Every structure is written in structure tokens, then in C-alpha cells.
Amino acid sequence: CLIAGVGILLSTDGDQSNLFVAGCTLWTLSAYERNQPFQGAFLVGAAGAVKGFPAAAELLLLLFPKKGRALVALAVAGAFYLAIPLLWRSPSNLLGQYRGWLTLLGNDYAFHGWSVMTSVRDYLGYDMPPRMGQLLGATLVLTPAVIRRDRWSDPAWRRILVAAWMTYSVIFNHRAEYCTFTIPALAFGVYATARPMKPWLLFLMVCAY
């Protein structure tokens with residue numbers, strides 16, 4: 001919290017849902033670490049119900065044994081969060097809301113936001129398609145997880161992987177805003193405390209701020 005606090009205080013609109021989303025993602029990892037897949041499923045579901053990209057934290061269960069129970073938990077949590085609006089909406093109205101949401105997601109790729117794709121366009125002159133940037137970023141983050149399967153049982157390594165995924169979800173998000181950088185601020189705090197502090201890590205921390 002001390003390391004991430006500076007980044008959170010420097011961000012505008014830090015009271016948005018981003019801290020909730022980041023917290024649920026970290027709590028999801030904590031729940032899986034304690035072999036509580038149903039708690040993890042409902043936490044990641046809560047984050048995914050607010051913003052779509054945290055749902056990718058479901059990939060965390062691949063790092064743990066006994067995946068069958070965790071998959072059942074995800075199915076139950078997903079059905080719960082998809083259906084809970086029926087307390088306020090009719091089935092046809094809710095279905096229309098979801099269709100409109102999917103249409104919005106399919107048509108908003110003209111935006112670049114505060115993303116890697118914007119930096120590539122502004123500094124290199126190449127208008128990188130957002131999907132291309134997101135695919136390259138996902139490959140960059142997931143490749144170590146595929147190559148180093150021997151590290152899957154290392155809790156510190158899992159925390160570093162989650163921090164990398166949280167950072168990816170913002171810097172490769174074509175709709176990222178300034179306030180969303182509270183998420184990688186927390187991720188950097190997790191990364192910095194998951195391993196011994198060294199001079200080069202301190203230098204990276206200053207650069208990140």
C-alpha cells in the first residue's frame with residue numbers, strides 16, 4: 001500500500017471503480033492460494049461485472065491444482081452476475097442491454113486512450129490496430145507463464161505474474177484513461193514486494209512514478 005499509495009494519490013479521479021477492480025483481482029489470487037475457489041470465483045466475477053477485462057483473472061486457476069471445482073465455481077458465479085439484474089429488469093430488457101453492450105464493444109476500437117498503441121502512433125507514426133497491440137501484449141505477458149511451468153508452485157512468482165497481467169490490462173487497453181493507472185500502481189506495489197529490493201528495482205520504481 002505504501003508503494004502504490006503515491007501512484008494512487010497522483011492520479012485524478014482515483015475514487016472510481018479501478019481500486020475495487022484491482023482489489024478484487026488480488027483477493028481472487030489470495031482465495032485461490034487458500035484453496036477457496038468459490039470465493040475466488042465470486043470475487044473475479046464482481047470485478048468482471050464492473051469492467052470486462054478483469055474477468056481474464058480467471059486464468060489464475062490454471063496455476064493451481066484441482067481445476068474442476070474451480071471451473072464449476074466460475075460457472076456458478078458467472079450465471080449469478082449475469083442474472084442478478086433480473087431483480088430490476090425483465091428478461092427481454094436485460095437481453096437488449098447485453099446486446100447493446102456487445103455492439104458497443106465491437107464498435108469502440110477507433111479509440112486508443114492512454115495506451116501503448118497511442119504511444120506507437122504518436123512517437124513512431126504507425127497507427128497500430130488496438131487488437132494487434134492487445135494480442136502482442138497478451139503474448140508478452142503469457143509467454144513466461146507457458147515457458148516457466150516449473151515456477152507455477154512459487155507463490156511469489158504467481159504474484160509477479162498477476163502484477164504483470166494487471167499492468168497489461170491497462171497499458172494495452174484502448175479505452176484506458178488517466179485514472180485507470182491506479183491499477184498498475186497497485187500492480188507495481190505487488191511486484192516490488194514479491195522480490196528483494198535491489199537498486200535497479202528502485203530505479204524502475206522512480207521511473208514508474
Side-chain angles (χ1 to χ4, degrees), residues 8 11-32 36-62 67-118 127-138 141-142 162 165-187:
I8 294 170
S11 175
T12 57
D13 297 324
D15 57 342
Q16 287 195 4
S17 60
N18 298 296
L19 292 177
F20 170 78
V21 166
C24 283
T25 303
L26 294 177
W27 281 332
T28 298
L29 173 62
S30 177
Y32 283 140
Q36 295 181 338
F38 274 87
Q39 186 182 84
F42 276 87
L43 284 165
V44 73
V50 175
K51 292 191 174 184
F53 62 80
E58 296 168 1
L59 292 171
L60 285 173
L61 69 88
L62 297 177
K67 300 174 182 58
R69 186 164 168 249
L71 287 171
V72 171
L74 285 173
V76 171
F80 171 81
Y81 285 111
L82 286 171
I84 194 76
L86 289 173
L87 293 174
W88 298 273
R89 301 282 183 177
S90 67
S92 59
N93 183 281
L94 180 59
L95 185 60
Q97 294 282 348
Y98 284 141
R99 284 174 177 164
W101 178 60
L102 291 173
T103 301
L104 174 65
L105 290 179
N107 295 330
D108 72 348
Y109 274 92
F111 298 91
H112 279 64
W114 285 49
S115 66
V116 168
M117 291 79 76
T118 297
D127 195 9
M128 176 184 288
R131 285 187 178 91
M132 178 190 294
Q134 290 160 359
L135 180 60
L136 291 173
V141 172
L142 294 177
V162 169
W165 185 261
M166 289 170 64
T167 303
Y168 159 82
S169 70
V170 172
I171 66 175
F172 285 94
N173 183 353
H174 62 289
R175 296 300 297 265
E177 300 173 291
Y178 188 68
C179 55
T180 55
F181 279 79
T182 56
I183 294 175
L186 278 170

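All values reported here derive from a predicted model rather than from experimental measurement. Here, residue 1 is the first one in the sequence, and each next residue gets the next number.
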Practice item. List the atom of M128, the atom of M117, and the distance in Å for their closest heavy-atom pair. Key: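 What the structure gives for the nearest pair is SD-CG, 3.9 Å.
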Flag the pair [X] / [Y] as yes when at least one side-chain heavy-atom distance between them is below 4.5 Å, and no otherwise.
{"X": "S115", "Y": "T118", "value": "yes"}
{"X": "R175", "Y": "T180", "value": "no"}
{"X": "R99", "Y": "L95", "value": "yes"}
{"X": "I171", "Y": "F181", "value": "yes"}
{"X": "K51", "Y": "N18", "value": "yes"}

**Study point:** By ring-ring contact (aromatic ring centres under 6.0 Å, His included) - contacts of W27 (at least two apart)
**Key:**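 For W27 there are no ring-ring contact (aromatic ring centres under 6.0 Å, His included) partners, ignoring immediate neighbours.
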Under 3.5 Å, which donor-acceptor pairs link side chains of residues 67-84 to any protein atom two or more places apart or in another chain?
| from | atom 1 | to | atom 2 | distance (Å) |
| --- | --- | --- | --- | --- |
| K67 | NZ | F64 | O | 2.9 |
| Y81 | OH | F42 | O | 2.7 |

**Study point:** T167/F172 under side chain to side chain contact (heavy atoms under 4.5 Å, CB included): CA gap, chis, key distance, verdict
**Key:** CA-CA 8 Å; T167 303; F172 285 94; over 6 Å; no
**Study point:** Distance in Å, I183 CD1 paired with T25 OG1, rounded so as to fall on 0.5 Å steps
**Key:** 7.5 Å
Review point. How long is the gap from CG on L29 to CG on L43, to the nearest 0.5 Å?
Key: 11.0 Å
Exercise for review: Check step by step if side chain to side chain contact (heavy atoms under 4.5 Å, CB included) holds for L142 and W165.
Suggested key: CA-CA 8 Å; L142 294 177; W165 185 261; 4.0 Å; yes
Review point. For the side chain of S17 and the backbone of F20, is there at least one donor-acceptor N/O pair under 3.5 Å apart?
Key: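 Flag not set: sc S17 to bb F20 has no pair under 3.5 Å.
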